[in-house]
Amino acid sequence: MQVSNLLFTKSAANALQSWCHEKGFESIYFLCDTNTYQYCYPVFKEISDKVIVIPSGETHKQLRMIETIIEQLVAFGAKQNHLLVNLGGGVVTDIGGFAASIYRRGMKCINVPTTLMAMADAAIGGKTGVDHQHLKNYIGTFYQAEMVLISTEFLATLPYEEFISAWAEMIKTGAILDAGLFKMIEEDALLDDILKRCAECKQSVVQMDVFDRSHRQLLNFGHTIGHAYESHYLNISRPVKHGIAVAKGMMAELEIAKTSGYLTETEATRIQSLIQTKMSVEPMTLAEWTEVKKLLWADKKNTGTDITFSLPVAIGKGKFGIKMKEEEIKI
Ligand SMILES: NC(=O)c1ccc[n+]([C@@H]2O[C@H](COP(=O)([O-])OP(=O)(O)OC[C@H]3O[C@@H](n4cnc5c(N)ncnc54)[C@H](O)[C@@H]3O)[C@@H](O)[C@H]2O)c1
């Protein structure tokens, strides 16, 4: 399966216009959330005025939103060979990709990420989907966007906490796949350079293992516990940012990597320090861990009574498919 091309640009509107002109799309629809409609869509208004706007936030990443989007696509008379532009953060690109993948058995879509999180990670790789109540990403498909158009022009309006949240996925990618990227983050390289390296790193891992059967699972570092942490807070109607959950998950999984002998104390501490420096995130409390443990066994990536982890074995190098029993997991 061909993985989406990445296109880095300084003007998303110009790049999109020429790309659509070249491909000859008859109709183009935008999917935005309320914020990206206000802050990002205006640069595209000459391209199309057919816009679907959904409420912002993780709590709306539910199946009913897919139905709403499909109803609007039907009302627009959208066809399979028309184009849906998912303009937003990871919530919009996950939801929009999923809607596109099932609308008339698959309509064309592209992702234009507007958060740092989506530019570095979420918009790339073709994992689409929604949460099922509080269970993260339980329903979804693999569906590659035709292209991922990345322009940092949209970051000007991004709230500060969204920047912070994005560091989690970038540190994760460096820690488990790319020592050079990790060093760039440590040394405060230019954000555009870090972003490009991270996005390309993710794309190349996806290219090797589109359906997440092996190597791609490395990207799950921090997510086994992170998703359970995120699910716990969704469950009690106090959603936390995905990146914060992943950071908490990485902190905990680094303890596991250390105690089980996969990673040296020095390297684990180096990764934990970078998380703390960039994100000011502390390890989860004992009370949180008690709740998170209950949910871990409901995580979709796990089979039987074993929990599966992807852990770094050195900075920039990881191992996936590490199975552990409940009693072996200590943070
Ligand atoms: N599919 C994948 O491979 C993958 C990978 C990582 C994360 N994800 C998913 O991504 C989601 C998190 O993504 P996110 O952090 O981008 O969250 P998000 O999409 O909820 O965006 C965060 C907030 O920023 C607002 N926003 C977006 N762009 C803006 C802009 N330019 N200016 C002002 N406000 C803006 C949004 O409206 C929202 O309120 C989670 O659901 C997570 O599961 C998916």
> Is there a donor-acceptor pair under 3.5 Å between the side chain of Y103 and the backbone N or O of A78?
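It does hold such a pair.
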
> Do K127 side-chain atoms and I124 backbone N/O form a donor-acceptor pair below 3.5 Å?
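Pair absent, no side-chain N/O of K127 close to backbone of I124.
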
> Under the side-chain contact (heavy atoms from CB on, under 4.5 Å) test, which residues partner A100, sequence neighbours left out?
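With neighbours one apart ignored, the set is L84, M107, C109, Y143.
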
> Between E267 and I315 (side chain of the first, backbone of the second, donor and acceptor by atom type, cut-off under 3.5 Å), is there such a pair?
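Yes; judged by distance alone, with no hydrogens or angles, the pair exists.
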
> Quick one: does T128's side chain have a donor or acceptor within less than 3.5 Å of a partner on T141's backbone?
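Here the side-chain-to-backbone pair exists.
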
> Would you indicate whether the side-chain heavy atoms of V206 and R216 approach each other to under 4.5 Å?
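R216 vs V206: side chains touch.
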
> Hey, quick one: are F182 and L195 part of the same hydrophobic cluster, counting side-chain heavy atoms closer than 4.5 Å, chains of contacts allowed?
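Yes, F182 and L195 fall within the same hydrophobic cluster.
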
> Give a yes or no on whether the backbone of S4 and the side-chain of Q144 come within a donor-acceptor separation of less than 3.5 Å.
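Checking the backbone N and O of S4 against the side chain of Q144, a donor-acceptor pair under 3.5 Å is found.
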
> Go through the side-chain N and O atoms of E230 and H223 and say whether any donor and acceptor fall under 3.5 Å apart.
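The answer is no; no qualifying pair exists.
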
> Measure the acute angle between the ring planes of F320 and H215, then classify it against the limits of 30° and 60° as parallel, tilted or perpendicular.
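Geometry flag for H215 against F320: perpendicular rings.
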
> If only atom types and distance count, is the side chain of K248 paired as donor or acceptor with the main-chain N or O of E282 below 3.5 Å?
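Side chain of K248 to backbone of E282: a pair is present.
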
> Are the charged groups of K136 and E58 less than 4.0 angstrom apart, N to O?
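Result for this pair is yes, salt bridge flagged.
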
> Transitively linked via ILVMFWY side-chain contacts under 4.5 Å: Y29 with I66?
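Yes, one cluster joins them.
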
> Do you see a donor-acceptor pair shorter than 3.5 Å between the side chains of T9 and S151?
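Short answer, no.
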
> Out of curiosity, L87 CG to Y37 OH, how far, rounded to the nearest 0.5 Å?
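OH of Y37 is found 11.5 Å from CG of L87.
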
> How long is the straight-line distance from OG1 of T266 back to CD1 of I271, given to the nearest 0.5 Å?
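The CD1 atom of I271 sits 11.0 Å away from the OG1 atom of T266.
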
> If we ignore hydrogens and angles and just use 3.5 Å, is the side chain of S231 paired with the main-chain N or O of H134 as donor and acceptor?
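Yes.
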
> Hey, which of R197, K183, K172 is the one that makes salt bridge (Lys or Arg N to Asp or Glu O under 4.0 Å) with D178?
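Single pass found, and it is R197.
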
> Report yes or no: do L155 and Y160 belong to one cluster of Ile/Leu/Val/Met/Phe/Trp/Tyr joined by side chain heavy-atom distances under 4.5 Å?
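Same cluster.
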
> Considering only heavy atoms from C-beta outward, does the side chain of I225 approach that of I256 to under 4.5 Å?
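They are in contact (side-chain heavy atoms under 4.5 Å apart), so the answer is yes.
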
> Does the pair L158 and T114 meet the rule for a side-chain contact (heavy atoms from CB on, under 4.5 Å), with working shown?
CA-CA 8 Å; L158 195 67; T114 61; 6.0 Å; no

> How many angstroms lie between OH in Y233 and CD in E288, if you round to the nearest 0.5 Å?
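Answer rounded to 0.5 Å: 3.5 Å.
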
> Test of understanding: with side-chain contact (heavy atoms from CB on, under 4.5 Å), list the residues that count as partners of P159, not counting sequence neighbours.
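Scan of P159 (side-chain contact (heavy atoms from CB on, under 4.5 Å), adjacent residues dropped) gives E161, E162.
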
> Should W19 and L149 count as side-chain neighbours, where that means a heavy-atom distance under 4.5 Å?
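When only atoms from C-beta onward are counted, L149 and W19 do not touch, as no gap falls below 4.5 Å.
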
> Are the side chains of M170 and C201 in touch, meaning some heavy atoms are under 4.5 Å apart?
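Not in contact.
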
> Is there a side-chain contact between K319 and Q217 (heavy atoms, below 4.5 Å)?
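When only atoms from C-beta onward are counted, Q217 and K319 do not touch, as no gap falls below 4.5 Å.
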
> Do the side chains of I150 and P113 get nearer than 4.5 Å, heavy atoms only?
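They are in contact (side-chain heavy atoms under 4.5 Å apart), so the answer is yes.
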
> Before giving the answer on salt bridge (charged side-chain N to carboxylate O under 4.0 Å, His left out), spell out for E186 and R270 the whole-Å C-alpha distance, their side-chain angles and the decisive distance to 0.1 Å.
CA-CA 10 Å; E186 277 186 323; R270 202 172 139 202; 2.9 Å; yes

> Please determine whether residues M119 and L219 belong to a single hydrophobic cluster, defined as Ile, Leu, Val, Met, Phe, Trp and Tyr linked transitively by side-chain heavy-atom distances below 4.5 Å.
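Same cluster.
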
> If I take atom CZ from residue F98 and atom CG from residue N86, how far apart are they, to the nearest 0.5 angstrom?
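So the gap between those two atoms works out to 13.0 Å.
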
> Roughly how far, to the nearest 0.5 Å, is OG1 of T259 from CG of L254?
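Nearest 0.5 Å value for the CG-OG1 distance: 10.5 Å.
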
> Quick check against the 3.5 Å criterion: does E253 have a side-chain atom that pairs as donor or acceptor with the backbone of T224?
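Present.
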
> When rounded to the nearest 0.5 angstrom, what distance separates OG1 in T34 from OH in Y39?
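It comes to 9.5 Å.
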
> Just by modelled atom types, is the A123 backbone N or O under 3.5 Å from a matching donor or acceptor in the N111 side chain?
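Judged by distance alone, yes, a pair lies under 3.5 Å.
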
> Step by step, work out the salt bridge (charged side-chain N to carboxylate O under 4.0 Å, His left out) result for K258 and E255.
CA-CA 5 Å; K258 240 175 17 184; E255 288 302 316; 3.3 Å; yes

> Side chains of W167 and T277: closer than 4.5 Å at any heavy-atom pair?
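Side-chain contact under 4.5 Å: no.
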
> Cation-pi check, K196 to F8: give yes when NZ or CZ is under 6.0 Å from the six-membered ring centre and within 45° of the ring axis, no otherwise.
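Here K196 passes the 6.0 Å and 45° test against F8.
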
> Same cluster or not: are F309 and V205 linked, directly or through other Ile, Leu, Val, Met, Phe, Trp or Tyr residues, by side-chain heavy atoms under 4.5 angstrom apart?
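No, F309 does not connect to V205 through the hydrophobic network.
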
> Report yes or no: does T173 contribute a side-chain atom to a donor-acceptor pair with the main-chain N or O of C198 at less than 3.5 Å?
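Checked: no pair found.
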
